[in-house]
**Student:** 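Have a look at this one before I ask anything.
A quick note: this is a predicted structure, and the numbers were derived from the prediction, not measured. Both counts, for ligands and for their atoms, begin at 1 and track the order of listing. No hydrogens, no waters, no symmetry mates; every other heavy atom, side chains included, goes into these values. Numbering of residues begins at 1 and proceeds along the displayed sequence.
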Amino acid sequence: MLLNGHHQIVKASSLENLMSNNGTLRSTSSRFRSVGKVTATPISTMTAVGSVKEQLAKLFEESLRATFPDESDVQPMMAICNNPKFGDYQCNNAMSLWAKIKVKGTQFKGPQPVGQAIMNNLPQSDIIEKCSIAGPGFVNVVLSREWIAQSIQKMLVDGIETWAPKLPVKKTVVDFSSPNIAKEMHVGHLRSTIIGDTLARMLEFSNVDVLRRNHVGDWGTQFGMLIEYLYEKFPNWEAASPQAIGDLEAFYKASKQRFDSDPDFKERAQKAVVSLQGGEEKYRKAWSQICEISRREFEKVYQRLGVHLEERGESFYNPFIPKTIELLNEKGLVDESEGARVIFIEGKKIPLIVVKRDGGYNYASTDLTAIWYRLNEEKAEWMIYVTDVGQREHFEMVFAAAKLAGWFPYDENAYPKASHVGFGLVLGEDGKRFRTRSTEVVKLVDLLDEAKSRCKTALIERGKAEEWTEEELEQTAEAVGYGAVKYADLKNNRLTNYTFNFDQMLSDKGNTAVYLLYAHARICSIIRKSGKDIEELKKTGRLDLAHHDERMLGVHLLQFPEVVEEACTNLLPNLLCEYLYNVSEDFTRFYTNCQVVGSAQETSRLLLCEATAVVMRKCFHLLGITPVYKI
Ligand code: ARG
């Protein structure tokens, strides 16, 4: 199953294609509104207020219904104003509405009067301070300063959970990390782990039930050779400790060499596969011992990264494969081709092999079965697969087969559905695939340790060893070091290849975790130094956003729910990174231009500092980064 050539690397040109289709996304109104089967009922988000965009959309929807009663299918198209001079949000319906109604005959004379009418019919609301019309009927909205301030203060009192977006799904599977037993967990798996964990965190924050699945490659013909080699090398393998077996990757290589060079061994290995698949006790035991050794190695990485996953390897789905293939066969989808059983997919030259010529199952049979299982047994509505872009073709074919079987609707926006979250390669500074000097793949644990130790050195250079306890030093170095590795990966559009560079990711300038974590710590220290009890201020103080830079920061803080929603909907964690960075830039501008401690507006400004820190902390949390409070 692992040896089926699904690991090809996609060339740069096709990456670019992917990018232009899927790259930067500026959405209009909530994409979730018009989904099919699953209705947009919020899931236990009783206190959630909904994003600003959503609240404005409701007002515009009312106006649209009142102004154009015959066009009841028109949904409000809301966007953030490109130029904040004109307003905070805009409604962009006028042009397309005009195009629609002019052919039918209308009293309106052009898109601008259409926009004007939409604006005039807006219901009274304390969200909006004023509106204006621009260009061909765009309705610009300036949010009420008072309302922004109150919304933020309410969040400070009720908690940022009240800003969780509402998504139209209850249950999802995030299939991520998924390394292969007895093989190295490489940087690609690190990317999958980091990206998958963030997606899971964002969905969980949005009150979605997430099944975090580690679809490890723990089954397939290679186990015959591994088991035979184990018997040969460690005659008393049952008592042998994992340490004795040592480096599994070397073990894998040695057994592969044996397999390729000794026909006798090869034959025994092939028989071993049959015995294993037949469930023979001795073989099952050897198999699970090999799996256990790998598992311990993987666990070291997960532990360092603070990532939680539930292992459901390929072997788990094995017993369900025959039934699944039978289901597909009954639907008339399975054909015979060159001795194999296949599913032909429109637009694909090569069919999807579901039963190999020798009668064995493969990667695709397992993935089809996993879909069946997740859908029917686990009742997941959205299945998200995080792997390198090289597997895009595989998932396209598997998802297409599931649609043919009627498991997923054809409408891309309808649920249940599956999405492939592809990502590019990790490159070294030489522009080639990231490797260590010995040209071996990089040991992930070493990489994380190095990030941490470099951070520790930097902290010691800044004199922190004298100021802090050893424990504080360790914890901060770890938070910053691991955070830097994660952020350097997440901040890029995932489809691009990214260059792994310690100096860059550990710099305290520019868009790095180090810079952001320090910015957060600085805000915390402003609050500490004021000597005020912030919990008390939240209740008794009043937030006012009189200065332009205060107001801008406030507007951006309020956009947190829609950014998370968009990052979830489009499965793009970089949107959250971009937001976090912008908030910290807004904060810097505010702090440069507005005196906080000792000013007449101290209370209000401390509250704004606190709100910024709360939002930044939530972003860190969603990105799997541990915030630090002092530097
Ligand atoms: N084990 C695979 C690999 O290392 C990734 C598995 C991804 N998940 C899945 N359901 N196919 O490439």
**Student:** Under a 4.0 Å N-O cut-off, is there an ion pair linking E238 with K285?
**Tutor:** yes
**Student:** Test your reading of the structure: does S178 have an N or O sitting under 3.5 Å from an N or O of ligand 1?
**Tutor:** yes
**Student:** Assign the ring pair Y317 / Y373 to parallel, tilted or perpendicular, where the plane angle (0 to 90°) is split at 30° and 60°.
**Tutor:** perpendicular
**Student:** What class does the angle between the rings of F500 and F502 fall in, given that below 30° is parallel, 30 to 60° is tilted and above 60° is perpendicular?
**Tutor:** perpendicular
**Student:** I'd like to check which ligand 1 atoms, numbered from 1 as shown, lie under 4.0 Å from a non-hydrogen atom of Y385.
**Tutor:** 10 (N)
**Student:** Is there at least one pair of N or O atoms, one from E314 and one from ligand 1, spaced under 3.5 Å apart?
**Tutor:** no
**Student:** Take atom CD1 in I353; do more than 12 heavy atoms of anything else shown fall under 6.0 Å from it?
**Tutor:** no
**Student:** Is it true that R374 and E381 have a side-chain N and a carboxylate O under 4.0 angstrom from each other?
**Tutor:** no
**Student:** At under 4.0 Å between heavy atoms, which part of D367 makes contact with ligand 1: side chain, backbone, both or neither?
**Tutor:** side chain
**Student:** May I ask you to check if ligand 1 and Y363 share an N or O to N or O distance below 3.5 Å?
**Tutor:** yes
**Student:** Any idea which part of Q391 is under 4.0 Å from ligand 1, heavy-atom wise: side chain, backbone, both or neither?
**Tutor:** side chain
**Student:** Any chance the rings of H394 and Y363 have centres within less than 6.0 Å?
**Tutor:** yes
**Student:** Give the numbers and elements of all ligand 1 atoms closer than 4.0 Å to a heavy atom of T387.
**Tutor:** 7 (C)
**Student:** Mind telling me whether Y229 and F265 have parallel, tilted or perpendicular rings, with 30° and 60° as the class edges?
**Tutor:** perpendicular
**Student:** Any atoms of ligand 1 less than 4.0 Å from a non-hydrogen atom of D175? List them with their elements.
**Tutor:** 7 (C), 8 (N), 9 (C), 10 (N)
**Student:** One residue to check: Y317. Relative to ligand 1, which of side chain, backbone, both or neither has a non-hydrogen atom less than 4.0 Å away?
**Tutor:** neither
**Student:** Going by an N to O cut-off under 4.0 Å, is there a salt bridge joining R212 and E204?
**Tutor:** yes
**Student:** Under 4.0 angstrom from ligand 1, any heavy atom of F176?
**Tutor:** no
**Student:** Would H189 count as being in polar contact with ligand 1, using the rule that some N or O on each side must be under 3.5 angstrom apart?
**Tutor:** yes
